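Working notes, beginning with the structure itself.
Since the structure is predicted, the reported quantities are computational estimates derived from the model, not experimental observations. Residue numbers count from 1 along this sequence. The figures here come from the full heavy-atom set of this structure, side chains too, leaving out hydrogens, waters and symmetry mates.
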Amino acid sequence: MKRWFPIAAFAAALMVPSMAAVAQDPNSREGDPDKDPYADYEDEKRFALGGGIGLVEPSDANITETYLSISLRIRAGHREGDHENYRHDQGIRGYLEPEIGWWKTNSEDRVSLPGSGSSADDLLAGVNLIGVVPFGNIESFFGAGAGLHFIDAGLLDLDDPNETGRKTKIGVNAQFGIDLFLTDNLSLSGTGRFDLVQDTKDSLQTKVFLGLRGRF
């Protein structure tokens, strides 16, 4: 229970810049009053490709494993020339995000695969709905999604303990994080998320990872 407190505190901290960004007047501009109020709209990048590396900790486990992730964000609800809608969606921008994630364990405490040693992995292919809140050189984001986990039987809670091979299971997730812009099109990102996976020995997976995200 203690380990959930810092995660909850981190999530609450992320909400501070988010709420401030929502409260901003999307039509206001500092500096030149003659600046085109839709200049940012014209230059908006619709896609963002991200990759990350971090840690995954299954619930009830005393170990962590390396987690790898790659994702593509696609701007949703955007129509060229629709300046009126752009004026109203500056607080939160929506994205559709296909993703692939992968982790592997070699721990004999976590895996029992008869005749196959103690190695097992979990490959995720999913889609997320992401809300992004811009705030200067920082963007905070939050979202949820679902996907398929192609997972070794050694990580599953099965009726037959001798069953081997790879199974397909359904998973859902909730996530939050921040992007710190290094350039106009490149940012350093940090993500925390929770995955619930069907029929696994540890149904909840806690993941924390860092990466880079490029926009185009």
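Residues Leu188 and Asp179 form no side-chain contact, since every pair of their non-hydrogen atoms from C-beta on lies 4.5 Å or further apart. With contacts defined as side-chain heavy-atom distances shorter than 4.5 Å, the pair Thr105/Leu155 qualifies. With contacts defined as side-chain heavy-atom distances shorter than 4.5 Å, the pair Glu97/Gln175 qualifies. Within the 4.5 Å cutoff, the side chain of Tyr67 has heavy atoms near those of the Leu124 side chain. No side-chain heavy atom of Leu180 sits less than 4.5 Å from a side-chain heavy atom of Ser187. Tyr95 is listed as a side-chain neighbour of Val132, based on a closest heavy-atom distance under 4.5 Å. Residues Thr206 and Val56 have side chains not in contact (no heavy-atom distance under 4.5 Å, counting atoms from C-beta outward).
Under 3.5 Å, the side chains of Glu57 and Thr64 contain no donor-acceptor pair of N or O atoms. Under 3.5 Å, the side chains of Gln205 and Asp195 contain no donor-acceptor pair of N or O atoms.
One hydrophobic cluster holds both Leu68 and Leu72 under the rule that ILVMFWY side chains link at heavy-atom gaps under 4.5 Å. Under the 4.5 Å side-chain contact rule for hydrophobic residues, Val208 and Ile63 do not share a cluster. Under a hydrophobic clustering in which Ile, Leu, Val, Met, Phe, Trp and Tyr are joined whenever their side-chain heavy atoms come within less than 4.5 Å, directly or via other members, Ile74 and Phe216 fall into the same cluster. Clustering ILVMFWY residues whenever any of their side-chain heavy atoms sit less than 4.5 angstrom apart, transitively, puts Ile130 in a cluster other than the one holding Leu96. Hydrophobic clustering (side-chain heavy atoms under 4.5 Å, transitive across Ile, Leu, Val, Met, Phe, Trp, Tyr) keeps Trp103 apart from Leu210.
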Show, in sequence, the C-alpha distance, side-chain angles and deciding distance for Phe194 and Leu204, and conclude whether the side chain to side chain contact (heavy atoms under 4.5 Å, CB included) test is met.
CA-CA 7 Å; Phe194 309 100; Leu204 178 65; 3.8 Å; yes
Apply the test side chain to side chain contact (heavy atoms under 4.5 Å, CB included) to residues Thr200 and Asp157: give CA-CA distance (whole Å), side-chain angles for both, the deciding distance (0.1 Å), then the verdict.
CA-CA 5 Å; Thr200 54; Asp157 186 12; over 6 Å; no
Is there a side chain to side chain contact (heavy atoms under 4.5 Å, CB included) between Lys201 and Leu156? Walk through the geometry before answering.
CA-CA 5 Å; Lys201 294 178 180 178; Leu156 298 175; 5.9 Å; no
Side chain to side chain contact (heavy atoms under 4.5 Å, CB included) for Ile151 and Leu123? Distances and angles first, verdict last.
CA-CA 6 Å; Ile151 188 169; Leu123 174 64; over 6 Å; no
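In this structure, Gln198 CD and Lys169 NZ are separated by 5.0 Å, a value rounded to the nearest 0.5 Å. To the nearest 0.5 angstrom, Asp152 atom CG is 7.0 Å from Ser119 atom OG. Put simply, CG on Leu212 and OG on Ser189 are 7.0 Å apart, with the number rounded to the nearest 0.5 Å.
Within 6.0 Å of atom NZ in Lys104, 12 or fewer heavy atoms from other residues, nucleotides or ligands are found, so the atom counts as exposed in its surroundings. No more than 12 heavy-atom neighbours from other residues, nucleotides or ligands sit within 6.0 angstrom of CD1 on Ile100.
Salt bridge Arg166/Asp121: present, at least one basic N to carboxylate O contact under 4.0 Å. Of the charged side-chain nitrogens involved, at least one lies within less than 4.0 Å of a carboxylate oxygen, so that Arg193 and Glu99 count as a salt-bridged pair.
When all heavy atoms are compared, the tightest approach of Glu139 to Arg215 is OE1-NH2, 3.5 Å.
Both tests pass for Arg213 against the ring of Phe141: distance under 6.0 Å to the centre and angle within 45° of the axis.
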Tell me which donor-acceptor pairs under 3.5 Å the side chains of residues 142-149 have, and how far apart each pair is, sequence neighbours excluded?
unit_1	atom_1	unit_2	atom_2	d
His149	ND1	Asp122	OD1	3.0
His149	ND1	Asp122	OD2	3.1

